[in-house]
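This report refers to the structure that appears directly beneath it.
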Amino acid sequence: MAINWFPGHMHKARKEIKQVMPQMDLIIEVLDARIPFSSENPLVPALRGDTPVIKVLNKRDLADPEVTASWQQWLEKEKGIRAVTLTHNQRNEALAILRLAQEMVPATIRDTRALRIMILGIPNVGKSTLINTLAGRPVAKTGNEPAVTRAQQAIKLPDNILLYDTPGFLWPRLTPEECGYRLAVTGAIRAAVIEFEDVALFAADYLLQAYPERICERYGLEGRPADGLALMDAIAARRRFFARGGIPDLHKVAEVLLNELRAGILGPVSLETPEMVEAEQAREALRREQEAAREQERKKKGKRRNDNT
């Protein structure tokens with residue numbers, strides 16, 4: 001199942017951001033440290049041009065620290081980008097982001113007017129919480145559901161900084177397909193538009209590959225299940241999650257598995273690595289090439305039929 005979520009307010013937000021982007025001196029893009037690539041909006045590079053960017057890998061405490069360090073190095077390969085990590089409500093670390101922003105913008109700008117910073121981030125990565133931490137007061141709405149922020153606002157910060165808050169927005173087609181699943185696993189997509197069992201099965205398959213000992217210990221499993229579905233069946237048996245007729249209640253299992261992963265109960269988990277993403281991008285590029293070749297061949301066949309009639 002391909003997962004996509006691009007409601008009208010996100011399209012509106014993208015248009016508004018595009019209009020004001022040329023006026024910005026720097027961009028802060030908030031990412032989920034568990035999925036730095038999947039939570040990085042591919043529309044941002046085209047919108048920002050040469051504007052410097054600070055990538056904030058938020059929710060650091062929920063992610064695998066070794067994998068997060070790899071992501072920082074990977075992200076900083078691109079010119080004009082700095083990557084930092086952050087965890088919940090660490091105001092000193094949050095304020096250090098603003099100091100870094102001042103270092104990345106020429107003094108000729110800082111000395112003549114307010115420093116204009118736009119903060120971006122997909123739904124549910126903690127952007128509004130970071131804004132409130134920076135401001136030292138509740139100026140942005142926060143919530144457990146994605147897409148709480150619906151309109152832009154300018155917030156005055158100390159040291160002559162003007163912070164532009166923007167609604168979180170995704171992009172029309174989530175590719176590679178795994179990207180959409182990771183976003184769903186972490187809660188960046190509204191629960192109403194996903195199949196819990198399908199998303200949990202994706203998470204179960206990955207956890208068995210990346211963190212098998214931890215997942216077996218958490219759910220009291222003596223042996224390693226063969227695959228994600230077997231893992232979900234085993235959790236149902238251990239927790240006694242059964243529907244009528246003794247059938248495993250996979251929806252209940254899915255809720256428990258996803259909620260415990262999101263809350264960090266399964267320990268620090270990263271759902272993607274730079275190596276995984278590069279391999280997925282290569283497969284996606286090949287798929288598009290093959291699709292384009294097939295389309296070209298269909299056009300040629302159509303032209304030959306028209307020429308013969």
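Just so you know, these numbers come straight off a predicted model, no measurement behind them.
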Residues Arg99, Glu103: salt bridge by 4.0 Å N-O rule
no
Identify whether the distance between the nearest side-chain nitrogen and carboxylate oxygen of Glu255 and Arg239 falls below 4.0 Å.
no
Atom CG of residue position Asn92 - does it have more than 12 heavy atoms of other residues, nucleotides or ligands inside 6.0 Å?
no
[X]: partners by side-chain hydrogen bond (donor to acceptor under 3.5 Å, both in side chains), with sequence neighbours left out:
X: Gln281; result: none
X: Asp25; result: Arg113
X: Gln102; result: none

Can you find a heavy atom in the side chain of [X] that is under 4.5 Å from one in the side chain of [Y]?
X: Pro268; Y: Arg214; value: yes
X: Val53; Y: Lys55; value: yes
X: Leu271; Y: Tyr181; value: no

Write down the atom of Leu57, the atom of Pro36, and the distance for their closest heavy-atom approach.
CD2-CG, 4.1 Å
Who pairs with Ala230 by side-chain contact (heavy atoms from CB on, under 4.5 Å), at least two apart in sequence or on another chain?
Pro225, Asp227
For a quick test of your reading: what N or O donor-acceptor pairs under 3.5 Å do the side chains of residues 64-71 make, sequence neighbours left out?
| unit_1 | atom_1 | unit_2 | atom_2 | d |
| --- | --- | --- | --- | --- |
| Asp64 | OD1 | Glu66 | N | 3.2 |
| Asp64 | OD2 | Tyr211 | OH | 3.1 |
| Thr68 | OG1 | Asp64 | O | 3.0 |
| Ser70 | OG | Glu66 | O | 3.3 |
| Trp71 | NE1 | Glu272 | O | 3.0 |

For the residue pair Arg60 and Thr87, confirm or rule out a side-chain donor-acceptor distance under 3.5 Å.
no
Tell me whether Glu40 contacts the main-chain N or O of Ile35 through its side chain, where contact means a donor paired with an acceptor under 3.5 Å.
no
Donor-acceptor contact present, side-chain Gln72 to main-chain Ala83, <3.5 Å
yes
Could you check whether the rings of Phe196 and His251 sit parallel, tilted or perpendicular, using 30° and 60° as the cut-offs?
tilted
So which pairs with a foot in residues 256-266 pass side chain to side chain donor-acceptor pair (under 3.5 Å), sequence neighbours left out?
Arg218-Glu260, Tyr219-Glu260
